[in-house]
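Note that this is a predicted model, so its numbers are computed, not measured.
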There are 2 protein chains.
Amino acid sequence: MNEKFFALSKEKQNRIINAGYRVFSKNSYKKSPMNEIAFEADISKSLLFFYFKNKKEFYLFLMKTAEETTMKYLLDSGCYQETDIFEMMYKGLEAKIKLMRQYPDMSNFALKAYYEDDDEVKNELRKIIAPYSKLSTNKSLPPLDPSLYKDGLDLRLMYQDMYLASEGYMYNMQQTGKVDVDKVLKDYRQLINFWKTLYLK
Amino acid sequence: MNEKFFALSKEKQNRIINAGYRVFSKNSYKKSPMNEIAFEADISKSLLFFYFKNKKEFYLFLMKTAEETTMKYLLDSGCYQETDIFEMMYKGLEAKIKLMRQYPDMSNFALKAYYEDDDEVKNELRKIIAPYSKLSTNKSLPPLDPSLYKDGLDLRLMYQDMYLASEGYMYNMQQTGKVDVDKVLKDYRQLINFWKTLYLK
DNA sequence: TGCTTGTTGACCGATTCGGTTAATACTGAT
DNA sequence: ATCAGTATTAACCGAATCGGTCAACAAGCA
């Protein structure tokens with residue numbers, strides 16, 4: 001790729017990146033046209049090909065950027081240092097929401113890319129995804145101190161409940177399209193407090 | 001459309017319908033090619049155009065079929081007659097899962113169609129969607145008898161928790177792609193029993 | 001053998017695609 | 001005003017794909 005891309009204003013860089021995320025998140029790799037991306041970024045197709053030598057390079061660049069950005073946001077959120085599981089979940093969702101505010105289609109793009117199997121990109125795509133995929137999964141139950149929770153409580157089911165509800169939260173938010181950061185966070189905070197009264201001693 | 005379509009074996013009808021759901025659920029209307037649909041249904045493109053006069057007609061037929069089928073499954077499930085909210089949620093999800101087993105991409109198709117805005121189909125699409133969209137939404141809290149639940153419990157938050165977790169359930173299931181009916185239902189039953197011990201007196 | 005019905009391959013004109021290139025607009029120093 | 005260098009684009013290209021048609025083929029059956 002042309003290093004001059006990084007000399008562009010951050011605003012213009014992000015406009016191009018977000019246009020890429022949006023188009024690639026709505027269609028498969030093959031059916032995402034570069035001219036559509038250029039149009040959404042409000043630049044000409046020629047300019048897009050000036051900064052990125054071809055479609056494949058641009059696509060892989062987006063994937064790499066998406067992962068680096070996600071990691072950065074999650075690390076900065078402090079959710080990994082958190083020992084209180086409720087605060088951990090809150091900080092995790094908070095980071096995801098902040099991310100969505102700046103890059104609204106990034107997570108959908110990454111999700112779609114994860115299942116992309118076009119011959120032109122799949123091999124190199126896997127290579128980019130591999131080192132990150134082992135991190136960041138919240139699916140499994142973290143170690144918990146049972147003495148903190150109500151007696152007889154099934155901690156596995158408790159965690160499953162909270163994990164699924166968080167997923168449902170993100171899902172609903174993306175469907176409706178609007179990312180009202182403050183309201184969503186307030187609602188989620190309320191739900192977490194509800195869980196605390198329910199689960200904690 | 002050609003009425004002879006309905007004279008086909010149910011298996012062949014469903015093969016064509018499912019191929020349509022799959023392709024249209026993965027791309028926008030405009031970017032869903034009829035030859036791709038024909039290929040996935042294992043028939044020739046010519047035959048597809050023999051049963052449906054053009055792409056638009058086929059697409060709208062799929063939408064109408066999707067809604068009728070969904071309504072049928074939901075009504076048959078008995079979830080609307082159920083007064084126990086836990087059983088109601090279970091039966092609702094049970095119906096959705098049975099539906100997914102026979103038409104794996106139908107719900108994704110319907111979701112995508114809901115936001116489709118291609119000029120060629122959007123007007124007639126809205127007309128088909130409108131009468132159904134007021135039904136079937138579980139987002140709002142149904143009337144509940146507070147005396148059944150633990151004192152001081154916030155019923156709104158309880159319902160929100162369960163609703164979001166159910167959404168997360170469906171979401172996770174569709175992402176992973178596999179629809180292991182029995183396992184999913186067993187897991188969900190377990191989660192519901194967990195909620196019962198948590199919420200009921 | 002013929003007749004009907006189900007099904008297809010080959011084709012058409014229009015459009016779209018990724019990518020190139022020559023020309024234009026812009027900028028800042030002289 | 002000029003000019004050099006850079007940022008940006010319109011116009012173009014060959015190849016592929018699209019929705020849709022149609023004449024021909026296959027299959028059953030009288």
Between [atom2] on [N] and [atom1] on [X], what's the gap in Å once rounded to a whole number?
X: Phe50(A); N: dA10(D); atom1: CZ; atom2: C1'; result: 17 Å
X: Tyr29(A); N: dC17(C); atom1: OH; atom2: C1'; result: 12 Å
X: Asn35(B); N: dC11(C); atom1: CG; atom2: C1'; result: 14 Å
X: Glu120(A); N: dG18(C); atom1: CD; atom2: P; result: 9 Å
X: Lys45(B); N: dG9(C); atom1: NZ; atom2: C1'; result: 11 Å
X: Glu3(A); N: dA7(D); atom1: CD; atom2: C1'; result: 17 Å
X: Met34(B); N: dT8(C); atom1: CE; atom2: C1'; result: 16 Å
X: Ile43(A); N: dT8(D); atom1: CD1; atom2: C1'; result: 9 Å

Pick base, sugar-phosphate or nothing for [X], based on heavy-atom distances below 4.0 Å to the nucleic acid.
X: Lys56(B); result: nothing
X: Tyr51(B); result: sugar-phosphate
X: Lys4(B); result: sugar-phosphate

Mutual orientation of the aromatic rings belonging to Tyr21(B) and Phe109(B) [parallel < 30°, tilted 30-60°, perpendicular > 60°]: tilted
Classify the ring geometry between Tyr188(A) and Trp195(A) as parallel (under 30°), tilted (30 to 60°) or perpendicular (over 60°). perpendicular
What's the closest nucleotide to the Phe49(B) side chain, out of dT21(D), dT8(C), dT20(C)? dT21(D)
Ignoring hydrogens and angles, answer whether the base of dA10(D) and the side-chain atoms of Ser44(A) contain a donor-acceptor pair closer than 3.5 Å.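 No.
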Between Glu36(A) and Lys55(A), does any side-chain N to carboxylate O distance fall below 4.0 Å?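 Looking at Lys55(A) together with Glu36(A), the answer is no, because their closest N to O distance does not fall below 4.0 Å.
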Does a side-chain N-to-carboxylate-O contact under 4.0 Å join Lys72(A) and Asp76(A)? yes
DNA chain D: Ser46(A) or Lys30(A), which has the more 5' nearest nucleotide? Ser46(A)
Nearest-nucleotide 5' precedence on DNA chain D, Lys31(A) against Asp42(A):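 The answer here is Asp42(A).
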Give a yes-or-no answer on whether the side chains of Tyr171(B) and Asn172(A) include a donor-acceptor pair shorter than 3.5 Å. no
